[in-house]
Visitor: 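Before we start, here is the structure in question, set down as structure tokens.
Basis for what follows: all heavy atoms, side chains included, without hydrogens, waters or symmetry-related copies.
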Amino acid sequence: MFNPENKTMGQYYLSHLKELEAEAIFIIREVVSQFEKPALLFSGGKDSILLAHLAKKAFYPAKIPFPLIHIDTGHNFPETLEFRDALVEELGVQLVVGSVQESIDKGRVREETGVNASRNALQTVTLLDTLEDLKIDAAMGGARRDEEKARAKERFFSHRDEFGQWDPKNQRPELWNLFNGRKHHGEHFRVFPISNWTEMDVWQYIKEENIALPSLYFSHERECVVRDEVILAKSEYLPLKEGEEIQKLIVRYRTCGDMPITGAVLSNADTLELIIEEVATTRTTERGTRADDKRGETAMEDRKKAGYF
Amino acid sequence: MSIQENNQLLRFTTAGSVDDGKSTLIGRLLYDSKSIFEDQIEAVKTSSEKKGFDYVDLSLLTDGLKSEREQGITIDVAYRYFATPKRKFIIADTPGHTQYTRNMVTGASTANLAIILVDARKGLLEQTYRHSFIASLLKIPHVVVCVNKMDLVDYSEEVYNKIVADYEAFSSKLDIKDVQFVPISALKGDNVVDRSENMPWYEGSTLLYHLEHVHIASDFNHIDCRFPVQMVIRPHTLEFQDFRGYAGRIDGGIFKPGDEVKVLPSGFTSKIKSIELNGEQISEAYAPMSVTMTLEDEIDISRGDMIVRPNNQPEVEQDLDVMVCWMNQKALQNRTKLIVKHTTKECQAMVKDIQYKVDVNTLHRIENIEEIGMNDIARVSIRTAQPVFFDSYSKNRQTGSIILIDPNTNETVGAGMII
């Protein structure tokens, strides 16, 4: 039996994790109720894994009534893909993969070149194409407001015009628990059920609920290159600059993006307890390890306006 | 940062005029509670130097978007997060100037507490009245008046006492249950997180201590049972062939398996068979829990219906008397057609009468008006196409609130509190 342990002296309240869980489940259920063709954008990172877990809880004993969409840049960590396939199997949910390689082959986008080339910006085109092909009218994502300053102003229900663009000055006001998902033909919504969670909340909840994660998040030995103070994994997608050397380091990842742009942190944290301790004492933001956010002070805001998550 | 797992969540708004030091206060709370990361503080130090400031401008931490940083003002609601070993906090940071009443109302709608900033040199201003009125209108349960910039009035007890007395005189006209006062300097840090050594005459708690200890467990209604049905869960699998669960979030009261319930609008009664989430059985469900409920009898129930107790029912009406905050450029007039969204229900509606508008600075009523514009607050009669199951907003902030949607543009054009 679920026991509301916080019930003392006739007072009823939820812990902050239970309150955040209740809020996210409410929003996921609103999406299914208000839209015809919702989907969950699954990156393979801990936030989208958490979202899939919350979706399972929201509809149990029924299965998750929408597909997971994964935008495959072709530069994923192999651990992420293995994990994704196992999770999809376990949840019995449909998986749709949108391939950036295909967008490149079709001539929809052009690959960046050079040693710092990344497919991060290209994903936006593949994402919008995939959403359009499937006629998705609400795409849920695991973005959180504490991640980045442009995201601090994002709504739970974020309206996008027919070009998939975000207009920060013209957002719908969001009051109480009343979410307005009405839209015109051709428009769609991005929905962020875990907007109010912080990195710490996510880790605490993962521990409380015993949610499985890809091995990348835990301390391991890996062959790396250190470039501009960012620790990058050795991979076929990362051409080396002159003078760069491969070294073996004990690292873990705080976020799971593409191999060539996601930095690792030196860490011995190999259990959830140790990770939580590390998160509690760490002094840099999660996205501080992301090379894609370092392309200018408003890099995230500019990408969001163009239709990025 | 805290690593406690069983903390309560406190949501608060900050309202202040352009130069009240609101962003500085938030920066101070985040900085002194060690919720700021090194890379963030480095970025702010660099920007402060670029602007030629001789101090670190903590307000730069909270000014998010490009256009805002260019103009140096906050134009929208921004949400901030921090935690202490006692509690976890969500700040809805809203701008103070007149044209953004709508943002303040938005931030206030989900808040447990409002911080109202008063500049010690200026005393109460029109904005103070406006912010307090909105806090009272939106029934924010707790208000903290921070008398800021005490460093600029030589930490004078007299100045502080005068402002407190003025505010108490004014707020007696409002419906605010719990008001506290704290003399602070957000810039210098006095009484924000750490006790001030400059104001030995002040015997109350620091702002953070108050935020950590204010009693919020009774902020939800745990008396009147209200469960608006969000969706029906039917698995269509062999194992759960006959399962029919009603998914939703509890908006009030305490529901238990075995309780007798009544379903609105059909009026059918039944008993709660189980309350669960993810297959785990729940012995008592209360706001704001999201659950799945099953009943003993097969009744036709769908989204927008409400499950209540037979001896404690909400009002069921098609005519609503509502305090509306209008949020759109296009004015609201008599006979304007709208869509009303209330709990999980949506229906068409029409404005029958604009009774009066409130001057938010003086609280005076302005009668005989034809229309209300952006950021106006007015008492309006609305006729809905179907009956709505509601409580007055003062009884329940969830079942007493509505949003108004323009059927042509689909924009959210107004927020309403049912009287």
Visitor: Given that the side chain runs from C-beta out, which part of B:Leu10 has a heavy atom under 4.5 Å from chain A: side chain, backbone, both or neither?
Guide: neither
Visitor: Please state whether the side chain, the backbone, both or neither of A:Gln34 comes within less than 4.5 Å of a heavy atom of chain B.
Guide: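 Contact with chain B involves the side chain of A:Gln34 alone.
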Visitor: Is there a side-chain contact between B:Asn410 and A:His159, using heavy atoms and a 4.5 Å cut-off?
Guide: no
Visitor: Can you tell me how far apart OG1 (B:Thr292) and CD1 (A:Ile25) are? Round to the nearest 0.5 Å.
Guide: 8.0 Å
Visitor: How far does CG of A:Leu178 sit from CD1 of B:Ile405, to the nearest 0.5 angstrom?
Guide: 8.5 Å
Visitor: Taking the side chain as C-beta and beyond, is there a heavy-atom pair between A:Glu174 and B:Thr412 under 4.5 Å?
Guide: no
Visitor: What part of B:Thr343 gets within 4.5 angstrom of chain A, counting heavy atoms only: side chain, backbone, both, or neither?
Guide: backbone
Visitor: Please flag which part of B:Ile403 lies under 4.5 Å from any non-hydrogen atom of chain A: side chain, backbone, both or neither.
Guide: both
Visitor: Give the member of B:Ile250, B:Ile254, B:Val105 that has the highest number of heavy-atom pairs under 4.5 Å with chain A.
Guide: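 Greatest number of close heavy-atom pairs with chain A: B:Ile254.
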Visitor: Search all heavy atoms of B:Ser290 against all heavy atoms of A:Ala22 and return the closest pair with its distance.
Guide: OG-O, 2.8 Å
Visitor: Tell me, side chain or backbone of A:Lys63 under 4.5 Å from chain B's heavy atoms, or both, or neither?
Guide: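 Contact with chain B involves no heavy atom of A:Lys63 at all.
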Visitor: Would you mind checking which part of A:Glu187 comes under 4.5 Å of any heavy atom in chain B, side chain (CB onward), backbone (N, CA, C, O), both or neither?
Guide: neither
Visitor: Looking only at heavy atoms, what is the nearest atom pair of A:Phe26 and B:Gln230, with distance?
Guide: O-NE2, 2.7 Å
Visitor: Does any heavy atom of chain B fall under 4.5 Å from the side chain of A:Asn196, the backbone, both, or neither of them?
Guide: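 Both backbone and side chain.
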Visitor: Less than 4.0 Å between a side-chain N and a carboxylate O, is that true for B:Lys88 and A:Glu19?
Guide: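 Judged by the 4.0 Å cut-off on N to carboxylate O distance, A:Glu19 and B:Lys88 do not form a salt bridge.
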Visitor: In the structure I gave you, are the side-chain heavy atoms of A:Pro61 and B:Thr237 within less than 4.5 Å of one another anywhere?
Guide: no
Visitor: Considering only heavy atoms from C-beta outward, does the side chain of A:Arg29 approach that of B:Arg303 to under 4.5 Å?
Guide: no
Visitor: Has B:Gln348 got more than 12 heavy atoms of other residues, nucleotides or ligands less than 6.0 Å from its CD?
Guide: no
Visitor: Where does B:Glu239 contact chain A at under 4.5 Å (heavy atoms): side chain, backbone, both or neither?
Guide: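 Neither part.
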Visitor: Does B:Lys341 reach the side chain of A:Arg182, with side-chain heavy atoms less than 4.5 Å apart?
Guide: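 No, every pair of side-chain atoms sits at 4.5 Å or beyond.
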Visitor: Do B:Met231 and A:Phe59 have side chains that get closer than 4.5 Å, going by heavy atoms?
Guide: yes
Visitor: Among B:Thr110, B:Ile233, B:Ile216, who wins on heavy-atom pairs under 4.5 Å with chain A?
Guide: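 Among the listed options, the one with the most contacts to chain A is B:Ile233.
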Visitor: With only heavy atoms counted, which part of B:Tyr79 is less than 4.5 Å from chain A, the side chain, the backbone, both or neither?
Guide: both
Visitor: Does the side chain to side chain donor-acceptor pair (under 3.5 Å) test come out yes or no for B:Gln8 and A:Tyr13, once each step is laid out?
Guide: CA-CA 8 Å; B:Gln8 268 180 304; A:Tyr13 62 90; 4.8 Å; no
Visitor: Using a 4.5 angstrom heavy-atom cutoff, name the option from B:Ala247, B:Ala108, B:Gly107, B:Ala111 with the most pairs to chain A.
Guide: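 Of B:Ala247, B:Ala108, B:Gly107, B:Ala111, B:Ala247 has the most heavy-atom pairs under 4.5 Å with chain A.
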Visitor: Quick one: does A:Glu23's side chain get under 4.5 Å of B:Leu9's, heavy atoms only?
Guide: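 No. Closest side-chain heavy atoms not under 4.5 Å.
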Visitor: Among A:Arg172, A:Glu21, A:Lys56, who wins on heavy-atom pairs under 4.5 Å with chain B?
Guide: A:Arg172
Visitor: Indicate yes or no for a side-chain donor-acceptor contact from B:Gln398 to the backbone of A:Asn177 under 3.5 Å, with no hydrogens or angles considered.
Guide: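 No, the answer is negative, given that no donor and acceptor are paired below the 3.5 Å cut-off.
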Visitor: Select one option (side chain, backbone, both, neither) describing which atoms of A:Ala24 are under 4.5 Å from chain B's heavy atoms.
Guide: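 Neither part; nothing is under 4.5 Å.
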Visitor: Let me confirm one number: the CD1-CG distance from B:Ile402 to A:Leu175, rounded to the nearest 0.5 Å.
Guide: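 With rounding to 0.5 Å, CD1 (B:Ile402) is 11.0 Å from CG (A:Leu175).
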Visitor: Where does A:Phe179 contact chain B at under 4.5 Å (heavy atoms): side chain, backbone, both or neither?
Guide: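 Just the backbone, heavy atoms under 4.5 Å.
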Visitor: Give the member of B:Ala287, B:Gly416, B:Gly245 that has the highest number of heavy-atom pairs under 4.5 Å with chain A.
Guide: B:Gly416
Visitor: If you define the side chain from C-beta out and look only at heavy atoms, does anything of A:Leu14 sit under 4.5 Å from B:Tyr286?
Guide: yes
Visitor: Taking side chain as everything from C-beta outward and backbone as N, CA, C, O, which of these in B:Asn408 sits under 4.5 Å from a heavy atom of chain A? Side chain, backbone, both or neither.
Guide: backbone
Visitor: B:His342 versus chain A, heavy atoms under 4.5 Å apart: side chain, backbone, both or neither?
Guide: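 Backbone of B:His342 only, per the 4.5 Å heavy-atom cut-off to chain A.
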Visitor: Would you give the length of the straight line joining atom OG1 of A:Thr198 to atom OH of B:Tyr81, rounded to the nearest 0.5 angstrom?
Guide: 9.0 Å
Visitor: Which pair of heavy atoms, one from B:Gly279 and one from A:Tyr60, lies closest together, and at what distance?
Guide: N-CD2, 3.2 Å
